[in-house]
Visitor: 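Handing you this structure, nothing more for now.
Just so it is clear, the values below take in all heavy atoms, side chains as well, and ignore hydrogens, waters and symmetry mates. So you know, we letter chains A, B, ... as the sequences are listed, proteins then strands, and number each from 1.
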Amino acid sequence: MKARAKLFALLRAFFVEGSVLEVDTPSLATTSVTDINIESINAQMGNSLGYLQTSPEFFMKRMLAAGSGDIYYLGKAFRDSEQGSRHNPEFTLLEWYRVGWDEYQLIAEVEALISEAYKTLNNSKITIERTSYSDCFERALNFDPHTVPIELLRSTLLDQGYKDWANETRANCLDLLFSEMIEPNLPSGLVTVVDYPACQAALAQTYVDEKNRLVSRRFEVFLEGMELANGYFELRDAEQQKQRFDEDLRLRKQANKSKITLDENLHQAMRAGLPVCSGVALGVDRLLMQLCNVSSIDEVLAFPWKQC
Amino acid sequence: MGNYSTNEFRSGLKVMLDGDPCSILDNEFVKPGKGQAFNRVKLRNLKTGRVLEKTFKSGESIEGADVLDMDMQYLYEDGDFWYFMEPDTFEQHQATETAVGDAQLWLKEQDTCMVTLYNGSPLSVTPPIHVELEIAETDPGLRGDTAQGGSKPAKLITGATVKVPLFLDQGDVIKVDTRTGEYQGRAKD
């Protein structure tokens with residue numbers, strides 16, 4: 001608890017220093033994320049349905065579109081059915097946006113922030129590395145994840161003994177291979193993986209790289225092999241974003257998952273114009289786990305879900 | 001037997017996997033931030049005793065196994081089967097050699113064992129942790145030699161061979177830890 005208080009103070013001081021404004025966004029809203037792999041917790045309000053927010057992203061983007069400039073949020077987020085040694089349904093998220101920055105400038109700031117947390121709270125230095133999603137796959141599995149045919153992905157999974165995964169989507173096959181074959185072998189320290197596949201772009205821009213592959217400008221940060229943060233060079237094209245949301249909704253329907261009404265306010269804001277910006281969301285509880293050198297999230301929570 | 005979803009998985013739960021009953025040892029929830037959640041599950045195949053790992057998509061469900069652990073009294077064996085009795089109902093169960101396995105080395109009539117029933121018939125037998133068994137065969141005891149340490153093999157009435165101190169003799173009753181097969185001491189009369 002003391003470490004948590006110190007970390008919060010450090011994070012806030014870091015952003016005051018960087019002239020980033022703290023914002024407070026609603027936890028409860030009438031709409032929520034469409035991502036097929038993230039489930040919101042429903043809240044019943046009289047006759048209408050509300051959702052506990054899985055991230056402050058949509059509200060923050062509405063602020064950015066309204067001209068807020070650089071902003072950060074340090075507070076709670078909620079995700080249904082996520083419980084384990086690294087997950088609690090209610091968790092603390094740090095999310096921030098830098099206007100005019102690309103993802104590499106933001107990655108440098110993430111690295112500076114984590115280094116400072118280690119130095120101040122742990123009196124130690126953390127090693128820093130960067131790599132790309134395709135390099136990870138080339139090293140571990142010897143193929144290019146952006147161009148590999150889906151058949152080869154599935155047969156690789158079969159060879160590894162995942163025989164029930166033969167009908168999975170490209171994104172799911174890549175995720176499973178990354179989690180099972182690559183994540184456990186990531187170097188220690190802080191490792192940022194850039195250039196995620198286009199099929200996992202979520203809310204990031206995509207671009208065609210020098211090898212003529214469509215790649216997303218999304219990155220993930222791993223700390224001691226544990227996923228810590230996810231960031232984007234943000235997609236600004238309102239119509240393209242709407243297409244991705246519609247595709248999410250189609251997949252949700254196909255998978256018999258709950259129906260979500262699209263966030264019309266976000267769409268309006270993006271049409272009005274989201275500034276060029278990069279944003280990242282970081283799991284504060286997980287950072288605390290590493291700083292305190294514990295292996296279960298319950299050990300850094302005063303009241304884990306089972307005791308709530 | 002009902003089905004169990006991955007979020008009901010916990011250690012000790014008995015489920016069917018590839019046609020064999022298994023016991024869940026460990027269940028780890030894994031979720032990439034924007035990806036499909038899955039569960040990395042460690043199970044023990046109750047037929048073979050082998051431990052295996054399997055990755056389930058979260059939300060997937062599998063069939064529960066009709067497996068029950070029950071304390072029963074060992075009665076006798078007739079060469080083909082070993083017979084056990086439920087203490088409350090006096091119902092008898094016959095277990096095959098495969099089910100009894102290594103436990104047969106420690107089974108003494110009247111002792112209470114844990115019998116794992118699968119679809120009503122014995123799947124495996126766990127002997128009591130400590131058993132008292134008589135030495136059937138060993139080199140003659142060296143009476144004076146109680147201080148030296150040193151040991152010799154002794155064959156017990158059940159057929160098991162245990163290392164015992166030199167001073168013990170045929171007919172002595174000893175206490176053995178069945179998990180390790182080690183001599184624990186002389187049985188108190």
Side-chain angles (χ1 to χ4, degrees), chain A residues 33 35-39 54-55 79-88 93 157 160-165 167-169 171-180 182-184 196 199-204 216 218 220-222 226-232 255-257 281-283 286 296-297, chain B residues 1-67 118-119 123:
Chain A
V33 66
D35 192 309
I36 179 146
N37 290 316
I38 298 180
E39 282 302 315
T54 62
S55 112
R79 294 185 187 177
D80 195 11
S81 309
E82 297 196 4
Q83 209 189 326
S85 63
R86 297 173 174 190
H87 295 85
N88 197 60
L93 198 65
L157 282 171
Q160 300 294 336
Y162 302 105
K163 57 184 174 194
D164 300 338
W165 293 69
N167 296 316
E168 283 302 321
T169 60
N172 282 355
C173 289
L174 287 172
D175 264 338
L176 182 69
L177 285 172
F178 193 91
S179 303
E180 296 283 88
I182 294 172
E183 210 179 293
Y196 266 63
C199 64
Q200 301 181 347
L203 286 86
S216 73
R218 169 182 163 201
E220 289 249 356
V221 182
F222 295 85
M226 181 194 284
E227 186 186 13
L228 180 72
N230 173 53
Y232 311 127
N256 263 330
K257 295 204 170 178
L282 182 151
R286 290 192 184 173
S296 165
I297 195 166
Chain B
M1 278 287 133
N3 284 348
Y4 294 98
S5 150
T6 51
N7 55 29
E8 297 170 284
F9 284 8
R10 48 195 106 271
S11 92
L13 186 72
K14 311 286 195 297
V15 294
M16 293 300 293
L17 190 66
D18 302 328
D20 279 351
C22 293
S23 173
I24 291 180
L25 302 175
D26 193 39
N27 173 27
E28 191 192 355
F29 177 74
V30 185
K31 185 173 188 312
K34 300 279 169 184
Q36 162 79 47
F38 49 92
N39 290 60
R40 211 177 273 148
V41 182
K42 237 188 227 168
L43 313 104
R44 183 190 303 283
N45 182 320
L46 293 172
K47 271 188 177 165
T48 63
R50 292 228 321 264
V51 173
L52 45 135
E53 257 192 48
K54 192 170 159 72
T55 304
F56 294 91
K57 268 197 290 176
S58 293
E60 217 177 319
S61 46
I62 53 173
E63 199 191 331
D66 180 12
V67 170
Y118 168 52
N119 290 336
L123 178 71

Visitor: Would you mind checking which part of A/E227 comes under 4.5 Å of any heavy atom in chain B, side chain (CB onward), backbone (N, CA, C, O), both or neither?
Guide: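 The side chain, not the backbone.
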Visitor: Pick one of side chain, backbone, both or neither for A/L174, based on which atoms fall under 4.5 Å of a heavy atom in chain B.
Guide: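 Neither; nothing under 4.5 Å.
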Visitor: Taking all non-hydrogen atoms of both residues into account, name the closest pair between A/D175 and B/Q36 and its distance.
Guide: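 Heavy atoms only, the tightest pair is OD2-N, 3.7 Å.
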Visitor: Considering only NZ, NE, NH1 and NH2 on the basic side and carboxylate oxygens on the acidic side, decide whether A/E220 and B/K34 come within less than 4.0 Å.
Guide: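 No salt bridge links A/E220 with B/K34.
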Visitor: What part of A/E168 lies closer than 4.5 angstrom to a heavy atom of chain B: side chain, backbone, both or neither?
Guide: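 Side chain only.
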Visitor: State the CD-CZ distance between A/Q83 and B/F29, to the nearest 0.5 angstrom.
Guide: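 Nearest 0.5 Å value for the CD-CZ distance: 9.0 Å.
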Visitor: If you count the non-hydrogen atoms of other residues, nucleotides and ligands that lie under 6.0 Å from CZ in B/R44, is the total more than 12?
Guide: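 Count not over threshold, so no.
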Visitor: Checking heavy atoms, do the side chain of B/K54, its backbone, both or neither come under 4.5 Å from chain A?
Guide: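 Just the side chain, heavy atoms under 4.5 Å.
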Visitor: Can you establish whether the number of heavy atoms outside B/K42 located under 6.0 Å from its atom NZ is more than 12?
Guide: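 Count not over threshold, so no.
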Visitor: Side chain, backbone, both or neither: which part of B/E53 has a non-hydrogen atom closer than 4.5 Å to chain A?
Guide: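 For B/E53, neither part sits under 4.5 Å from chain A.
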Visitor: Examine whether an atom of A/T169 lies under 4.5 Å from a heavy atom of chain B, and if so say whether it belongs to the side chain, the backbone or both; otherwise answer neither.
Guide: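 Contact with chain B involves no heavy atom of A/T169 at all.
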Visitor: Rounded to the nearest 0.5 Å, what separates atom NZ in B/K31 from atom CD1 in A/I38?
Guide: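 Answer for the NZ-CD1 pair, B/K31 versus A/I38, is 5.0 Å.
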